[in-house]
Asker: 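Take this structure, written in structure tokens, and hold onto it; I'll ask about it next.
Since the structure is predicted, the reported quantities are computational estimates derived from the model, not experimental observations. Computation of the quantities below employed the complete heavy-atom set of this structure, encompassing side-chain atoms and omitting hydrogens, waters and symmetry-equivalent molecules.
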Amino acid sequence: MYREGEPIYQQVAQIIRSNIESGKWPVHTKLPDEIVLSQQLGISRGTLRRALKDLIDQGVLTQIRGRGTFVVSNTLEQHLASKLISFAESMKQQGLRYKTVVLKQEIAAADMKVAAYLELEKNEQVSIIERVRLVQNNPVIYLRNIIPEKVCPGFAENDFENQDIFSLLERKYGQKIQWGRRYFKAVPAWGEVSQNLGLAPGTPVLYLEQIIYDAKSRPLECSSVWINSERFDIVSILER
């Protein structure tokens, strides 16, 4: 069944990929569990796991702890769930390699809307960070994050190409993120949004507003996120 001279795990990965491409295992399909699948393929579980890891690293499959291995779509996915997770954390969990380009990091006065979200006086100082995340050199997400200076002094001075904001808030500044609110809607991409995502002006994108809070419901950060909906899906895991 398997050719000599080529690692078996690579051949197994190709069999799985062929099953996906042929439609035998469509997007969102749950693969058979490891015992069943290894028996079907006539290989050890160790060999199977190595093949699955390769496909996860390539963004073909994803594993959800306690639930199994699933076929993912060609677009990126952000799970809707009760757990608050950043886009960077979601990408890392899926084994996706991405690049972050920082467009702006500065300290400025909060405008009226930001002051209301973060429970500040107008013109209080905030750190503003703007970034674009790219996957395979394609811009996927444009983010604008705003953090109160009185909560995290000098936050804008951090390295945002290599560190995500949630991790900085919790690990460097000792702020425990407890909960958050997210709001989604479809909007047309104009100006800097279309430019930063490489889209024609007026192209529909998914827009997200988020505010995160600590255990005392003190706002720690607010953000605006524009998502290229041609390359990113929002999915939900549901239980009954």
Side-chain angles (χ1 to χ4, degrees), residues 76 78-79 83-93 96-135 138-185 187 189-199 205-228 232 234:
L76 307 179
Q78 168 73 23
H79 289 179
K83 182 179 179 181
L84 183 60
I85 185 172
S86 71
F87 285 93
E89 289 168 337
S90 178
M91 287 175 162
K92 289 174 183 176
Q93 285 186 4
L96 295 169
R97 296 184 177 90
Y98 65 88
K99 178 182 178 182
T100 300
V101 176
V102 178
L103 306 176
K104 177 191 292 185
Q105 47 189 123
E106 65 179 18
I107 297 174
D111 61 25
M112 187 177 297
K113 181 178 180 181
V114 168
Y117 281 169
L118 296 177
E119 299 176 10
L120 304 173
E121 297 295 328
K122 188 179 178 181
N123 295 325
E124 275 196 69
Q125 297 291 289
V126 293
S127 287
I128 302 174
I129 299 96
E130 294 188 8
R131 298 160 296 159
V132 173
R133 295 209 193 279
L134 302 94
V135 176
N138 295 307
V140 176
I141 308 171
Y142 167 41
L143 311 96
R144 180 184 296 135
N145 303 83
I146 304 177
I147 295 91
E149 268 294 288
K150 67 182 182 183
V151 175
C152 299
F155 195 86
E157 299 170 5
N158 286 284
D159 173 13
F160 298 104
E161 287 188 1
N162 300 299
Q163 300 180 83
D164 68 85
I165 284 178
F166 279 17
S167 294
L168 282 168
L169 283 170
E170 293 189 317
R171 296 173 187 172
K172 182 173 181 178
Y173 290 88
Q175 303 295 336
K176 176 60 179 174
I177 300 170
Q178 186 70 23
W179 67 282
R181 178 190 65 82
R182 282 180 174 173
Y183 167 73
F184 296 87
K185 68 176 179 179
V187 299
W190 300 111
E192 59 188 2
V193 176
S194 63
Q195 179 180 348
N196 290 329
L197 288 177
L199 299 172
V205 295
L206 187 61
Y207 173 68
L208 175 154
E209 278 188 352
Q210 173 178 276
I211 306 171
I212 60 172
Y213 301 86
D214 64 13
K216 295 182 179 179
S217 292
R218 179 182 59 162
L220 300 175
E221 179 258 7
C222 69
S223 55
S224 297
V225 183
W226 293 266
I227 303 167
N228 182 343
F232 205 112
I234 301 293

Asker: Once rounded to the nearest 0.5 Å, what's the spacing between atom CD1 of I177 and atom CD of Q175?
Answerer: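 Separation between the atoms: 9.0 Å.
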
Asker: Can a salt bridge be assigned to the pair E192 and R144 using a cut-off of 4.0 Å between side-chain N and carboxylate O?
Answerer: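 Counted as a salt bridge, because a side-chain N and a carboxylate O are separated by less than 4.0 Å.
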
Asker: Is any side-chain heavy atom of Y183 closer than 4.5 Å to a side-chain heavy atom of I211?
Answerer: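 A side-chain contact is absent here, since even the closest heavy-atom pair is not under 4.5 Å.
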
Asker: Do N145 and E221 have side-chain N/O donor and acceptor atoms under 3.5 Å apart?
Answerer: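 Checked: N145/E221 side chains pair up, N/O donor to acceptor below 3.5 Å.
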
Asker: Enter the distance from Q125:CD to E106:CD here, rounded to the nearest 0.5 Å.
Answerer: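 It comes to 10.0 Å.
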
Asker: If you look at every heavy atom in S127 and A156, which pair is closest and at what distance?
Answerer: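 Smallest interatomic distance, heavy atoms only, reads OG-N, 3.1 Å.
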
Asker: Ignoring hydrogens, what is the shortest heavy-atom contact between A189 and S194? Give both atom names and the distance.
Answerer: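 Heavy atoms only, the tightest pair is O-CB, 3.7 Å.
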
Asker: Could you go step by step and tell me if K176 and E170 meet the side chain to side chain contact (heavy atoms under 4.5 Å, CB included) rule?
Answerer: CA-CA 5 Å; K176 176 60 179 174; E170 293 189 317; 3.9 Å; yes

Asker: Measure across I212 and Q210 and return the closest heavy-atom pair with its distance rounded to 0.1 Å.
Answerer: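 Heavy atoms of I212 and Q210 come nearest at CG2-NE2, 3.7 Å.
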
Asker: Tell me, do T100 and F160 make a side-chain contact under 4.5 Å, heavy atoms counted?
Answerer: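 No, every pair of side-chain atoms sits at 4.5 Å or beyond.
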
Asker: Look up atom CG in L197 and atom OH in Y142, then write down how far apart they are to the nearest 0.5 Å.
Answerer: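 Here the rounded value is 9.0 Å.
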
Asker: Just verifying a value: how many Å separate Q163 CD and D159 CG, rounded to the nearest 0.5 Å?
Answerer: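 So the CD of Q163 and the CG of D159 are separated by 5.5 Å.
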
Asker: What orientation do Y213 and W179 show, parallel under 30°, tilted 30 to 60°, or perpendicular over 60°?
Answerer: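 Plane angle under 30°, so parallel.
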
Asker: Taking the side chain from E149 and the backbone from G154, do they hold a donor-acceptor pair closer than 3.5 Å?
Answerer: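 Yes.
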
Asker: With under 30° as parallel and over 60° as perpendicular, where do the rings of W226 and Y207 fit, or are they tilted in between?
Answerer: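 Answer is tilted, since the angle falls between 30° and 60°.
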
Asker: How many angstroms lie between atom CD of E161 and atom CD of Q105, to the nearest 0.5 angstrom?
Answerer: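 With rounding to 0.5 Å, CD (E161) is 8.5 Å from CD (Q105).
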
Asker: Knowing that exactly one of N228, L199, L134, V101 qualifies, which makes a side chain to side chain contact (heavy atoms under 4.5 Å, CB included) with P139?
Answerer: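 So the option named by the test is L134.
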
Asker: Are the side chains of L143 and S223 in contact, using a 4.5 Å heavy-atom criterion?
Answerer: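 In short, these two side chains do not touch, never coming nearer than 4.5 Å.
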
Asker: For S224 and E209, which heavy atoms make the closest approach, and how far apart are they?
Answerer: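 Heavy-atom minimum between the residues: OG-CG, 4.4 Å.
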
Asker: Give me the one residue out of L103, I146, I147, L168 that meets side chain to side chain contact (heavy atoms under 4.5 Å, CB included) with I129.
Answerer: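 Answer after filtering L103, I146, I147, L168: I147.
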
Asker: Could you walk me through whether R133 and V135 pass the side chain to side chain contact (heavy atoms under 4.5 Å, CB included) check?
Answerer: CA-CA 7 Å; R133 295 209 193 279; V135 176; over 6 Å; no

Asker: Any side-chain heavy atom of V126 within less than 4.5 Å of one from E124?
Answerer: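 No, every pair of side-chain atoms sits at 4.5 Å or beyond.
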
Asker: For side chain to side chain contact (heavy atoms under 4.5 Å, CB included), just list the numbers for I165 and R131, CA-CA rounded to whole Å, side-chain angles, deciding distance to a tenth of an Å, and then say yes or no.
Answerer: CA-CA 11 Å; I165 284 178; R131 298 160 296 159; 3.4 Å; yes

Asker: Just verifying a value: how many Å separate F155 CZ and L220 CG, rounded to the nearest 0.5 Å?
Answerer: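 CG of L220 is found 10.0 Å from CZ of F155.
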
